[in-house]
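This report concerns only the one structure given below.
For the single chain, residues carry numbers from 1 onward in sequence order.
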Amino acid sequence: GTYIFEPPSETHTLVVDDHTPEMITFFHVTGSLHYVDNDGNATGFDDVFTRIDLARDHYENVGLGSDYVKNFVR
């Protein structure tokens with residue numbers, strides 16, 4: 001039952017305590033995600049375009065065809 005708002009450029013690591021039997025997390029992302037290593041150096045990013053590319057590849061691999069992603073994009 002917790003809500004957390006993180007402003008743009010916030011750096012964090014999601015941690016679940018060992019004694020927690022289950023955790024369900026919902027992320028609502030309205031921009032890009034930038035990944036960094038332990039020293040804060042950029043290692044990659046995701047945005048709407050990289051996510052669409054991942055979906056396109058997935059649909060191709062499962063036999064639906066890469067154009068199947070067009071069902072979800074206007």
Side-chain angles (χ1 to χ4, degrees):
T2 301
Y3 171 83
I4 298 172
F5 170 78
E6 294 180 346
S9 299
E10 180 71 21
T11 301
H12 75 280
T13 300
L14 180 63
V15 177
V16 180
D17 294 329
D18 290 337
H19 69 276
T20 303
E22 179 181 47
M23 179 177 164
I24 299 173
T25 305
F26 174 74
F27 293 96
H28 177 81
V29 179
T30 59
S32 60
L33 295 174
H34 295 258
Y35 304 106
V36 297
D37 62 18
N38 290 335
D39 297 320
N41 299 308
T43 61
F45 74 96
D46 273 319
D47 62 13
V48 65
F49 302 106
T50 61
R51 300 280 174 140
I52 290 172
D53 288 341
L54 288 171
R56 186 177 287 117
D57 292 344
H58 170 74
Y59 294 134
E60 183 67 31
N61 288 333
V62 299
L64 294 172
S66 61
D67 283 346
Y68 190 74
V69 76
K70 291 180 180 178
N71 291 306
F72 310 105
V73 179
R74 292 182 196 195

*Pairs flagged by salt bridge (charged side-chain N to carboxylate O under 4.0 Å, His left out) wherever residues 34-51 is involved - sequence neighbours left out*: D46-R51

*Restricting to pairs with a member in residues 10-29, which pass salt bridge (charged side-chain N to carboxylate O under 4.0 Å, His left out), not counting sequence neighbours?*
none

*Has F72 got more than 12 heavy atoms of other residues, nucleotides or ligands less than 6.0 Å from its CZ?*
yes

*For residues 57-74, pull every pair meeting salt bridge (charged side-chain N to carboxylate O under 4.0 Å, His left out), keeping only residues two or more places apart or in separate chains.*
D67-K70

*asked:* Is there a path of hydrophobic side-chain contacts, each under 4.5 Å between heavy atoms of I/L/V/M/F/W/Y residues, joining Y68 to F49?
replied: yes

*Quick one: pull up OH in Y59 and CG in N71 and give me the separation to the nearest 0.5 Å.*
8.0 Å

*Please identify each residue that fulfils ring-ring contact (aromatic ring centres under 6.0 Å, His included) with F45, with sequence neighbours left out.*
none

*Test V36 against N41 for side-chain contact (heavy atoms from CB on, under 4.5 Å), laying out the working first.*
CA-CA 5 Å; V36 297; N41 299 308; over 6 Å; no

*Is Y35 reachable from F27 through a run of hydrophobic residues whose side-chain heavy atoms are each under 4.5 Å from the next?*
yes

*CE on M23 to CG on L14, rounded to 0.5 Å*: 4.5 Å

*Point-to-point distance, once rounded to the nearest 0.5 Å, from OH of Y3 to CZ of F26*: 11.0 Å

*Results of side-chain hydrogen bond (donor to acceptor under 3.5 Å, both in side chains) for H58 - residues two or more places apart only*: none

_Please find the pair of heavy atoms, one from V73 and one from I52, that lie closest to each other, and give the distance._
CG2-CD1, 4.1 Å

*Would you say the side-chain atoms of S32 and H34 include a donor-acceptor pair closer than 3.5 Å?*
yes

_For S66, all residues meeting side-chain hydrogen bond (donor to acceptor under 3.5 Å, both in side chains), sequence neighbours excluded_ = none

*Answer whether the closest heavy-atom distance between the side chains of V29 and L33 falls below 4.5 Å.*
yes

